Amino acid sequence: AIERTLSIIKPDAVAKNVIGQIYTRFESAGLKVVAARMAQLSRAEAEGFYAVHRERPFFKDLVDFMVSGPVMIQVLEGEGAIAKNRDLMGATDPKKAEKGTIRADFADSIDANAVHGSDGEDTAKNEIAYFFPALNVYSR
Ligand code: CMP
């Protein structure tokens with residue numbers, strides 16, 4: 001099925017100047033960018049986005065990192081977009097990510113891991129709504 005998923009290029013990858021290289025991977029895999037904006041997240045926005053992780057020991061480091069510089073946020077659309085994007089990203093920990101994945105090639109650590117992608121249909125819906133009001137998504 002045609003799906004949409006939320007993708008974030010994190011501050012480490014933006015600082016490395018690889019937004020274009022990462023977009024090329026999405027496009028080459030048949031994923032289309034149907035919404036995008038660059039943002040400097042506030043602490044409240046980052047905490048809200050990652051609210052499911054609030055009780056995890058890495059929460060503070062995660063939020064600190066996500067507000068450390070601008071991020072590039074996009075909605076990707078395509079056949080099986082959620083799983084496809086996760087395949088392109090590779091494992092959360094870049095040390096465990098398969099060769100040729102975005103995280104294997106661009107990430108330095110489990111915190112500075114280059115990209116975020118929604119992990120399922122419900123999360124995708126919620127994460128897209130969190131950053132993009134419906135009027136700002138341009139399908140077809
Ligand atoms: P992301 O897909 O953005 O979702 C939550 C983030 O928390 C994750 O990527 C990692 O960057 C970060 N993180 C740090 N430590 C861990 C951990 N032990 N398990 C999962 N995620 C972690």
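All ligand and atom numbering here is 1-based and tracks the order in the structure. Computed from a predicted structure; not experimentally measured.
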Using salt bridge (charged side-chain N to carboxylate O under 4.0 Å, His left out) as the criterion, list what pairs up with R25, not counting sequence neighbours.
D105

The protein residues that pass the under-4.0 Å heavy-atom test against ligand 1 are K10, Y50, H53, F58, L62, T92, R103, I110, D111, N113, H116

Do E45 and Y130 have side-chain atoms, one donor and one acceptor, less than 3.5 Å apart?
no

Pair D64 + R43, salt bridge at N-O below 4.0 Å:
yes

Students often mix this up, so state it plainly: with edges at 30° and 60°, are the rings of F49 and H116 parallel, tilted or perpendicular?
perpendicular

Using 4.0 Å as the upper bound for N to carboxylate O, is an ion pair formed by K16 and D12?
no

When you look at E77 and K32, which way does the salt bridge (Lys or Arg N to Asp or Glu O under 4.0 Å) test go after all the steps?
CA-CA 5 Å; E77 184 180 85; K32 186 171 178 180; 5.6 Å; no

